[in-house]
Amino acid sequence: MKNIVILFSGDGTNFEYLATHLPQDKICIKKAICNNPKAQGIKKAIKHNIPLEMIDSSIYKNREEFDEVLVEEIKKADVDLVVLAGFMRILTPVFTKQIKSINLHPSLLPRHKGTNAIEKSFNDEFREGGVSVHYVNDELDGGEIILQREISKDGLSFDEYHQKIKNLEKKALLDAILVALS
Ligand code: GAR
């Protein structure tokens, strides 16, 4: 059995997909950690009976101080991998040097690192967009890529493209977890 911790900040739709689709005989979600008390994903943790820790990032003086508390909380569990599923924080070496983690990002990296990647991908000069899952290192959205999934933008409205990315990213993240744990 492999143990994972999932980090999220907002709606938690990727978190919920993992809660319902990961093979339960092989992978256990030991807990979820959220940094935003207003996140919709909190209800999903309760619904699926997944232990949830709230570490409100707004109360910490700087990123390092938050990361120290985050690392401490992760280390309480016997964890093989930490999964960033919509975790909207830049992590410092305090975290990246100690924790093996992967991150989901809704663009074909290295295109469009950072925020609003779906909008930026839709509006760029390429005919295709997609999603990436990568190991987390000190560089924002810059770690080694585990896998990418691509779709054509041809003929799609922004809403259609957005929905396709939201569907595509869930299975991509699940597949990448299996790779990272293998
Ligand atoms: C997802 O689209 C994910 O790819 C993106 O945040 C969203 C979270 O949705 N992540 C990033 O942009 C990371 N840089 P969710 O809360 O419904 O899972």
Side-chain angles (χ1 to χ4, degrees), residues 1-35 41 44 50 67 70-71 74-75 77-122 124 126-153 161-182:
M1 180 66 91
K2 301 281 189 182
N3 294 325
I4 66 170
V5 165
I6 298 177
L7 311 185
F8 69 89
S9 300
D11 288 346
T13 62
N14 287 283
F15 162 50
E16 183 166 45
Y17 182 85
L18 297 177
T20 51
H21 288 77
L22 280 171
Q24 288 182 8
D25 55 332
K26 296 191 180 72
I27 301 173
C28 171
I29 304 174
K30 293 285 275 194
K31 62 177 140 183
I33 302 176
C34 178
N35 69 311
K44 291 165 181 147
I50 294 173
D67 284 0
L70 180 61
V71 167
I74 289 167
K75 285 187 170 175
D78 178 21
V79 167
D80 298 289
L81 183 70
V82 172
V83 177
L84 280 62
F87 190 61
M88 308 309 265
R89 293 277 307 169
I90 295 173
L91 292 160
T92 70
V94 171
F95 178 95
T96 57
K97 296 265 182 278
Q98 300 190 70
I99 302 292
K100 179 183 176 185
S101 66
I102 66 174
N103 178 48
L104 169 66
H105 188 72
S107 74
L108 292 173
L109 290 170
R111 296 178 200 162
H112 312 305
K113 296 176 179 181
T115 54
N116 302 318
I118 301 180
E119 289 82 348
K120 288 174 187 163
S121 299
F122 184 74
D124 72 14
F126 300 102
R127 291 183 68 179
E128 72 289 337
V131 304
S132 307
V133 187
H134 63 90
Y135 288 105
V136 176
N137 68 6
D138 296 357
E139 191 196 332
L140 176 66
D141 298 325
E144 181 194 343
I145 290 171
I146 301 166
L147 59 80
Q148 295 185 306
R149 298 279 154 80
E150 193 174 303
I151 53 169
S152 167
K153 298 190 286 186
Y161 176 72
H162 185 269
Q163 193 52 53
K164 278 187 179 246
I165 290 293
K166 298 299 286 184
N167 294 340
L168 187 69
E169 65 182 7
K170 293 178 172 59
K171 178 76 166 45
L173 182 57
L174 190 153
D175 289 348
I177 290 171
L178 300 179
V179 173
L181 287 173
S182 66

According to the interplanar angle, ranging from 0 to 90°, do the rings of Phe122 and Tyr161 count as parallel (below 30°), tilted (30 to 60°) or perpendicular (above 60°)? tilted
Show the nearest heavy-atom pair for residues Ser121 and Ala117, with the distance to one decimal. OG-O, 2.7 Å
How far does CG of Leu22 sit from CG of Leu174, to the nearest 0.5 angstrom? 5.0 Å
Backbone of Met88 reached by a side-chain donor or acceptor of Ser9 within 3.5 Å: yes
Expected output: side-chain His112 to main-chain Glu119 donor-acceptor under 3.5 Å: no
Calculate, to the nearest 0.5 Å, the distance between atoms CD1 and CG belonging to Ile99 and Leu81 respectively. 10.5 Å
For Leu140 versus Gly114, what's the shortest heavy-atom pair and its separation? CD2-CA, 4.0 Å
When rounded to the nearest 0.5 Å, the distance separating CD1 of Ile118 from CD1 of Ile165 is 6.0 Å
Determine whether Phe87 and Leu70 satisfy the following criterion, side-chain contact (heavy atoms from CB on, under 4.5 Å), listing intermediate values before the conclusion. CA-CA 12 Å; Phe87 190 61; Leu70 180 61; 4.2 Å; yes
How long is the gap from CD1 on Ile4 to CD1 on Ile27, to the nearest 0.5 Å? 6.0 Å
Above 12 or not: heavy atoms from other molecules or residues under 6.0 Å from CD of Gln98? yes
From CA spacing to verdict: salt bridge (charged side-chain N to carboxylate O under 4.0 Å, His left out), Lys97, Asp67: CA-CA 11 Å; Lys97 296 265 182 278; Asp67 284 0; over 6 Å; no
If you count the non-hydrogen atoms of other residues, nucleotides and ligands that lie under 6.0 Å from NZ in Lys153, is the total more than 12? yes
Is it true that a side-chain atom of Asn3 and a backbone atom of Asp80 form a donor plus acceptor pair closer than 3.5 Å? no
Any chance you could measure Leu168, atom CG, to Gln148, atom CD, to the nearest 0.5 Å? 11.0 Å
For Val131 and Pro106, the nearest pair of non-hydrogen atoms, with its separation, is CG1-CA, 4.1 Å
Interatomic spacing from CG in Asn35 to CZ in Phe8 - rounded to 0.5 Å: 9.0 Å
Do you know the tightest heavy-atom contact between Gly142 and Lys113? CA-NZ, 4.2 Å
Short side-chain to backbone donor-acceptor contact, Lys100 and Val79, under 3.5 Å: no
For Leu109, does its backbone N or O pair with a side-chain atom of Ser132 as donor and acceptor, under 3.5 Å? yes
So Asp175 and Lys171, salt bridge (charged side-chain N to carboxylate O under 4.0 Å, His left out) or not? Walk me through it. CA-CA 6 Å; Asp175 289 348; Lys171 178 76 166 45; 3.0 Å; yes
Going by side-chain hydrogen bond (donor to acceptor under 3.5 Å, both in side chains), name the pairs with one or both residues in residues 10-19, residues two or more places apart or in two chains. Thr13-Lys170, Asn14-Glu169, Glu16-Lys47, Glu16-His48
Is the shortest heavy-atom distance from the side chain of Ile50 to the side chain of Phe15 under 4.5 Å? yes
How close do Phe95 and Ser101 get, heavy atom to heavy atom, and via which atoms? CE2-OG, 3.4 Å
Taking every heavy atom of Ile29 against every heavy atom of Ala19, the minimum-distance pair comes out as CD1-CA, 3.7 Å
